[in-house]
Structure formats: structure tokens, C-alpha cells
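The following block contains the structure, expressed as C-alpha cells.
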Amino acid sequence: MQAIRDEIRSLDPQTGDFRNFGWLVGGVFLLLGALFWWLGRSWYPVMLWIGGPLVVLGTVAPRLLRPIYWGWMSLAVVMGFVVTRVLLTIFFLLVIIPVGLTFKLIGRDPLHRKLDRRAASYWIPKTYAIDDRSRLEKYF
């Protein structure tokens, strides 16, 4: 929880940030309202009533969006914190653990971590497709 509080406290918005927030979020709500109107959804006016004032306030008086901005960004930080942990946990459980167990069962050691007491060194020589200095000019 301290990490979430620290991240929220580290937000340092300027007037331009409030303006951009109003335009972007309000514009998305207006687009969603237009889409829902086109799809025949009955609650499209809600989107338009949210998006319209955000765009207008972002243009005319962006500082009035300060409390909305803080609430929105706080919600985004909390959601990012939770979703990151959930997705990483799911990825670990569904990908990393099965791959590790499979490698363990078949005896594969891609990092060559097994000790070989007879080996003089664990150095693995690298071979290059081009063996001259031109390969050092462009790494990527």
C-alpha cells in the first residue's frame, strides 16, 4: 500500500496536463457516446453528458478538472498495481512453473548449471557468423 501512496504522491500535474486529460478522456467518452448511439444503446446520453463537460472544461478552465484528474489517476494507479500482480501471478503459474517442471522431468539444463568437476573451465566460446571488425559496428 505504501508503494501505491508514493506513486500517487509523485504525480505532479501542470495546467497542460489537466487540459490534455479533459480533451483525451472527454473525447473518448464522446466517441463512446457516438458509438453507442450508432449501435442503438439507450444509455448513450450518459457518455455524452460525461464527455462534453470534460472537453469544455479542458478547453476553458482546465484547473477545475484537478479533483477529477486526481481521482482518475488514483484509480489508475490502484488498478495498475492490482492487475500487474494478478497477470504476473497467472503468467508464473501457467507458463514458468510448467516449463520449469517439464525441463526438470526431461533433464534439460539450458543454463548449464550442473557442476562438472572434470571441467577446467565453464567458459563457452562464442562463434560469430562474420568474424571481422564490421560485426562491432551495428549491434542491433
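Keep in mind that what you see is a predicted model, and the values were worked out from it rather than measured.
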Within a reach of under 6.0 Å around CH2 of Trp49, are more than 12 heavy atoms found that belong to other residues, nucleotides or ligands?
->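 Count not over threshold, so no.
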Which donor-acceptor pairs under 3.5 Å do the side chains of residues 81-88 make with protein atoms, sequence neighbours left out?
from	atom 1	to	atom 2	distance (Å)
Thr84	OG1	Gly80	O	2.6

His112 backbone acceptor or donor facing Tyr122 side chain under 3.5 Å = no
Taking ring-ring contact (aromatic ring centres under 6.0 Å, His included) as the test, write out the residues that go with Trp43, two or more places apart.
-> Phe36
What distance separates Trp70 CH2 from Leu65 CG, expressed to the nearest 0.5 Å?
->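 The distance works out to 14.0 Å.
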Rounded to the nearest 0.5 Å, how far does CD1 of Ile97 lie from OG1 of Thr102?
->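 Here the interatomic distance stands at 11.5 Å.
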Side-chain contact, heavy-atom cut-off 4.5 Å: Leu35 with Leu31?
->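 SC-SC contact between Leu35 and Leu31 ruled out.
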How far apart are the closest heavy atoms of Gly33 and Tyr44, and which atoms are they?
->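 Nearest heavy atoms, Gly33 then Tyr44: O-CB, 3.5 Å.
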Verify the cluster assignment for Leu93 and Val95: are they in a single hydrophobic cluster under the rule of side-chain heavy atoms below 4.5 Å apart?
-> yes
Value rounded to 0.5 Å, distance of OG in Ser42 from CH2 in Trp37 |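 Those atoms lie 14.5 Å apart.
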Using the rule that two of Ile, Leu, Val, Met, Phe, Trp, Tyr join whenever any of their side-chain heavy atoms come within less than 4.5 Å, decide whether Leu75 and Ile4 are in one cluster.
-> no
Indicate, with yes or no, if Leu105 and Leu111 share a hydrophobic cluster defined by side-chain heavy-atom contacts under 4.5 Å among Ile, Leu, Val, Met, Phe, Trp and Tyr.
->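 Cluster IDs for Leu111 and Leu105 differ.
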N/O donor-acceptor pairs under 3.5 Å from side chains in residues 20-30, not counting sequence neighbours:
from	atom 1	to	atom 2	distance (Å)
Asn20	ND2	Gly16	O	3.3
Trp23	NE1	Thr59	OG1	2.8

Under a single-linkage definition using a 4.5 Å side-chain heavy-atom cutoff for Ile, Leu, Val, Met, Phe, Trp and Tyr, are Leu32 and Val56 assigned to the same hydrophobic cluster?
->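 No, it is not one cluster - the side chains of Leu32 and Val56 are not joined through contacts under 4.5 Å.
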Counting heavy atoms not belonging to Arg41, are there more than 12 under 6.0 Å from its CZ?
->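 For Arg41, atom CZ is not crowded (no more than 12 foreign heavy atoms under 6.0 Å).
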Do you know the tightest heavy-atom contact between Pro62 and Phe18?
->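 Reported closest heavy-atom pair: O-CB, 3.2 Å.
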Mind checking whether Val60 and Leu48 sit in one hydrophobic cluster, side chains of I, L, V, M, F, W, Y counted as touching below 4.5 Å?
->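 No, because Val60 and Leu48 fall into different hydrophobic clusters, even though each may have its own neighbours under 4.5 Å.
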Could you tell me the separation between the CD1 atom of Ile50 and the CD1 atom of Ile68, rounded to the nearest 0.5 Å?
->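 Here the rounded value is 10.0 Å.
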